[in-house]
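Reminder, nothing fancy here: chain letters follow the sequence lines and each chain counts from 1. Basis for what follows: all heavy atoms, side chains included, without hydrogens, waters or symmetry-related copies.
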Amino acid sequence: MNAWSIAPIGLALAWGIMGLIFWQRIRLLRWLGVLGSTSFVALSIALLTMVQKEKFLILQVGAWRAPFGITIAIDLLGALMVTMTSVLAWFIALYSLTEIDESQVRYGFYPLFFLLLMGVFGAFTTGDLFNLYVWFEVMLMASFVLMALGGYRAQLEGATKYVLLNLIGSTFFLIAAGLTYSLTGTLNMADLAVQIREIDNPSLPLVLSALFLIAFGIKAAIFPLFFWLPASYHTPPVAVTALFSGLLTKVGVYAMVRVFTLIFPFNGTILQPILLVLAGFTMVTGVLGAAAQWDLRRLLSFHIISQIGYLIMGLGLFTPLALAGTIFFTLHVVIAKAALFLVSGMIQRLTGTFNLKSLGNLAQTQPGMALLFAFPALSLAGLPPFSGFFAKLILVRAGLEAQQGAIVAVSLVVSLLTLFSMSKIWQEAFWKPARREGKGILPVHMWGAVGGIVVVGVLLGLFANPIMTLSLQAAEQLLQPSMYIQMVLGGQP
Amino acid sequence: MNVLLAITAGVLFGGGLFMMLRRSLVRVLIGLLMISNAVNLIIFTAGRLVPARPPLISAGESALQPPYADPVPQALILTAIVISFGVTAFAIVLMQQTYRSLGNADMNEMRSTDTPVEDEEEAAS
């Protein structure tokens, strides 16, 4: 019994309520955002050290014994994800100080920001399937409003598409959760893991896992289900896009990893080759979609999809090394992607456009910005010594060990195309003569936020070894669920 | 009763899907509502239908005696109904705003998110 495991949810809720209390105090709210995210970072680091010592932080809510009540359980994967979320949120809060304009703050940006984080923390820490659905809805509800905040026409249209397709995803999740209950009579993930393994007919769990694959696939934007993402992600303010790119799709991937390792281990079933094929198509369609774009933010949005493919590839290979690769890749891509989006926001601030055709010459007028773009861009393309290189190296090695040459080849080609895509941005925005010169000075905390997140990304590459060790431990925990099951079901008085 | 509910859920799903494929925003919303109700019906049916037997443990026993209807799925549905109520309320407001800014409710007209930027730029210049 460890009450700390519910702390991230509680803290986010408390800050959300604070945001509601100071609803109209614009300046105060802005600093509440930074202060609140600082507290998340501190808490998540504390949780991470605790989890390393005790392996699992488990709370049975209301002291109901395990299969009956709701369990909140943080393992190493959950703690890593919470830490990543908090770090990202801190930089976004700093960047939002001026990026989010006054009317958007007035319409509740900060309370929604905290409630979104509450949903994300909840999804990362819960040990109950239906509770996971509820946290998904909390997160989606906050993201719906954030997406539409500001009320520009493109935003409303983007939000409509986003809301409709995500609601269909939720419907699938609900059917899957309901049918899982009727099959097993439990919703507790640990108990489910036990019950599912006792079912004689292997096709029933397979059907359920296919339902879960569709539900989480819509959230994670994998290959045939990603169309909501490029239709909506470029419409809200860039701070919101950066936050979404780091959190929403990754929660979908996290849910997949959790459900498909703990409850429905799919290795050896038909689902494994399907996942690998989907991963390959996700990578390829994402990167090809990006190649056709001239709007900086839409280009980067397509790259989100392409990177999701790598995460699914690690899950599809289903070896400890591959899963560790997925975890490390998640940490890497969240930071790199958010950094790129924030830089694109700076470019737009300076020049008034996201259009690559009218941008130019930024390497000369803004050398600092060029540097801030180059690091995460090279990292995303997977060049050493950045974190992307190590993340891809691990996945490729795991793929070769599992003798899945095709997916490895696809991933390498896509990596090359990513480099091409990044050099296109470089060529267009930074080198060629400008059609529209940028002017003005950007606020110092904007530089601080982007500089900081780039530094975090570089550190992730330089200290790849300890982080990889953590990821490997987390992957081991995932692939040996017996300990998790025992801790949740019988580990406490 | 089971068969009847299964058919109802199927019809709701089919009708909902049909509505969601229409171009009018309002029809899409109605389709979404139908599908979410169909899901609730499925979960309700999956929890077994036993009329006139409250899930109470009678004196001297330690567990429910079958046949009984499982109360947990019904609680899940309650949660799901509340969530879908909130989400639908938001979706209605969002669609009304979209309708206002767009001038009509045709999904095919919602192209602001897909217009290539160069067109915008050229139109502006």
Side-chain angles (χ1 to χ4, degrees), chain A residues 68 129-131 133-134 136-138 140-141 144-145 147-148 151-164 166-168 170-183 185-187 230-235 292-298 353-358 435-436, chain B residues 9 13 16-17 20 25 28-29 31-33 35-48 70 72-73 75-77 79-80 82-84 86-88 90-91 93-103 105 107 109-122 124-125:
Chain A
F68 305 112
L129 199 59
F130 194 77
N131 200 230
Y133 166 76
V134 175
F136 260 98
E137 292 299 310
V138 170
L140 282 178
M141 200 65 199
F144 291 164
V145 189
M147 182 74 86
Y152 297 107
R153 181 170 152 180
Q155 257 184 315
L156 290 172
E157 291 183 14
T160 306
K161 295 169 185 173
Y162 173 77
V163 167
L164 284 174
N166 271 291
L167 286 183
I168 295 176
S170 302
T171 316
F172 272 102
F173 190 1
L174 188 59
I175 303 178
L179 291 184
T180 308
Y181 178 82
S182 72
L183 188 64
T186 179
L187 285 164
S232 59
Y233 262 34
H234 60 286
T235 55
Q293 299 299 323
W294 288 93
D295 179 314
L296 196 45
R297 271 192 305 178
R298 296 178 72 183
T353 180
F354 283 109
N355 187 353
L356 283 176
K357 286 185 175 161
S358 32
R435 220 200 280 176
R436 189 190 295 196
Chain B
F13 255 117
L17 199 64
M20 288 209 78
L25 271 180
V28 171
L29 192 69
L32 196 69
L33 271 174
I35 287 184
S36 74
N37 280 324
V39 174
N40 290 342
L41 264 187
I42 289 179
I43 300 177
F44 180 60
T45 320
R48 267 175 302 200
D70 195 338
V72 176
L76 299 187
I77 296 171
T79 316
V82 173
I83 289 176
S84 84
V87 170
T88 311
F90 175 77
V93 175
L94 177 71
M95 284 174 188
Q96 195 228 3
Q97 285 295 323
T98 315
Y99 171 72
R100 274 197 186 161
S101 83
L102 198 67
M107 291 288 263
E109 297 297 315
M110 296 177 57
R111 299 220 168 145
S112 300
T113 58
D114 304 326
T115 329
V117 269
E118 53 258 65
D119 299 350
E120 258 169 49
E121 289 279 321
E122 274 151 26
S125 62

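- If you measure heavy-atom distances from L76(B) to chain A, the contacts under 4.5 Å come from both the backbone and the side chain.
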task: Could you check I168(A) against L32(B) for side chain to side chain contact (heavy atoms under 4.5 Å, CB included), going step by step and ending with a plain yes or no?
output: CA-CA 8 Å; I168(A) 295 176; L32(B) 196 69; 4.1 Å; yes
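- With a threshold of 4.5 angstrom between heavy atoms, L29(B) does not approach chain A through any atom at all.
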task: Would you check, one step at a time, whether the test side chain to side chain contact (heavy atoms under 4.5 Å, CB included) holds for F90(B) with V163(A)?
output: CA-CA 9 Å; F90(B) 175 77; V163(A) 167; 4.1 Å; yes
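- For F13(B), the part lying under 4.5 angstrom from a heavy atom of chain A is the side chain only.
- When V138(A), V145(A), L179(A) are compared by the number of non-hydrogen pairs under 4.5 Å with chain B, V145(A) comes out ahead.
- Taking each heavy atom of I83(B) and E137(A) in turn, the nearest pair found is CG2-OE1, 3.4 Å.
- In this structure, the separation between CG on L156(A) and CG on L102(B) is 9.5 Å, given to the nearest 0.5 Å.
- Taking both residues in full, the closest heavy atoms of L174(A) and I43(B) are given as O-CD1, 3.7 Å, listed atom of the first, atom of the second, then distance.
- Interface residue Y133(A): only side-chain heavy atoms are found under 4.5 Å from chain B.
- Counting non-hydrogen atoms of neighbouring residues, nucleotides and ligands closer than 6.0 angstrom, the CZ atom of F172(A) reaches no more than 12 such neighbours.
- In this structure, the portion of L187(A) lying under 4.5 Å from any heavy atom of chain B is its side chain and not its backbone.
- Judged as a side chain to side chain donor-acceptor pair (under 3.5 Å), and not counting sequence neighbours, T180(A) has no contacts.
- Interface remark: of the candidates N40(B), T79(B), I77(B), T79(B) forms the most heavy-atom pairs closer than 4.5 Å to chain A.
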message: Could you walk me through whether F130(A) and V72(B) satisfy the side chain to side chain contact (heavy atoms under 4.5 Å, CB included) test, starting with their C-alpha distance in whole Å, then the side-chain angles of each, then the deciding distance to 0.1 Å, before giving a yes or no?
response: CA-CA 11 Å; F130(A) 194 77; V72(B) 176; over 6 Å; no
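- Here the shortest heavy-atom pairing between S101(B) and R153(A) reads OG-CG, 3.6 Å.
- Taking both residues in full, the closest heavy atoms of A148(A) and L94(B) are given as CB-CD1, 3.9 Å, listed atom of the first, atom of the second, then distance.
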